[in-house]
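Handing you this structure, nothing more for now.
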Amino acid sequence: MERMSQQRTPDAAAFPELPAYVERVLDVAERIPPGRVMTYGDVAEWLGEGGPRQVGRAMALYGGPVPWWRVVRSDGVLLPGHERRALERYRMEATPLRTAADGSQRLDMRRARWDGAPAEGPTHT
DNA sequence: AGCTTGACCGACC
DNA sequence: TGGTCGGCCAAGC
């Protein structure tokens, strides 16, 4: 091939790297402590780049390997199609939940939301 | 190049 | 409490 002007890394084909932004999103997701959650918007804001929708896309496509249940919607609604799986995790991690009027469970964002702070010492309510 | 869609968000009513 | 609307940022078509 004469046209080698386009530089493509050899290993890129065998080991396709995820977009840098996606890796950042996944990194943040892994950093969320058990029992806590971050909203898509929070993650985007924390990264200082992109928006909630972009984070949502990244999670939808590549969020499988990471604790995806800790990245949620701001209204606390469980991820459609994964409610069962998510609830399992929440119960296991003692994530603050709330029972809606219809009996369905949602996250209690007021308590479960994590702002990215390192830790929150002894709960002094 | 323009329009639609999406694991969204906040403001309003 | 719940439905609508406009805004937002990329990706697909």
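Note on naming: letters A, B, ... go to the chains in the order of the sequence lines (proteins, then strands), and numbering restarts at 1 for each one. Only this structure's heavy atoms are used, side chains among them; waters, hydrogens and symmetry mates stay out.
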Donor-acceptor contacts, no H, no angles, side chain residues 75-86 of chain A, under 3.5 Å, sequence neighbours left out:
unit_1	atom_1	unit_2	atom_2	d
A/D75	OD1	A/R73	NE	3.4
A/D75	OD1	A/V77	N	3.1
A/D75	OD2	A/R73	NH2	2.8

Distances under 3.5 Å between nitrogen or oxygen atoms of protein and nucleotides 1-4 of chain C:
none

Test side chain to side chain contact (heavy atoms under 4.5 Å, CB included) applied to A/W114 and A/R31, step by step: CA-CA 11 Å; A/W114 188 59; A/R31 194 180 146 118; 4.2 Å; yes
For A/P65 against A/Y62, the heavy-atom pair lying closest together: CD-O, 3.3 Å
Nucleotide forming a Watson-Crick or wobble pair with B/dA7, both distances under 3.5 Å: none
First and last nucleotide of DNA chain B, 5' to 3', lying under 4.0 Å from heavy atoms of chain A: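 Boundary nucleotides touching chain A, in 5' to 3' order, are B/dG6 to B/dG10.
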Sugar-phosphate, base or nothing in reach of A/R73, heavy atoms under 4.0 Å: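 The answer is sugar-phosphate, as A/R73 gets under 4.0 Å only of primed atoms, P, OP1 or OP2.
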A/R70 side chain vs A/I32 backbone, donor-acceptor pair below 3.5 Å: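 Answer holds: yes.
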Rounded P spacing from B/dA7 to C/dG6 in Å: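 Here B/dA7 and C/dG6 have their P atoms 22 Å from each other.
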For A/V71 against A/A29, the heavy-atom pair lying closest together: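 The pair with the smallest heavy-atom distance is CG2-CB, 3.9 Å.
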Run the side-chain donor-acceptor check on residues 45-61 of chain A: report pairs under 3.5 Å with partners two or more places apart or on a different chain.
unit_1	atom_1	unit_2	atom_2	d
A/E49	OE1	A/R24	NH1	3.1

Polar atoms only, N or O, under 3.5 Å: list the protein pairs with nucleotides 10-13 of chain C and their distances.
unit_1	atom_1	unit_2	atom_2	d
C/dA10	O4'	A/Q54	OE1	2.9

Do any side-chain atoms of residues 95-113 of chain A form donor-acceptor pairs under 3.5 angstrom with protein atoms, and if so which ones, sequence neighbours left out?
unit_1	atom_1	unit_2	atom_2	d
A/D102	OD1	A/S104	N	3.0
A/D102	OD1	A/S104	OG	2.7
A/D102	OD2	A/S104	OG	3.4
A/D108	OD1	A/R110	N	3.4
A/D108	OD2	A/R111	NE	3.0
A/R113	NE	A/D42	OD2	2.7
A/R113	NH2	A/D42	OD1	3.0
A/R113	NH2	A/D42	OD2	3.3

Shortest non-hydrogen contact from A/W69 toward A/E93: NE1-OE2, 3.0 Å
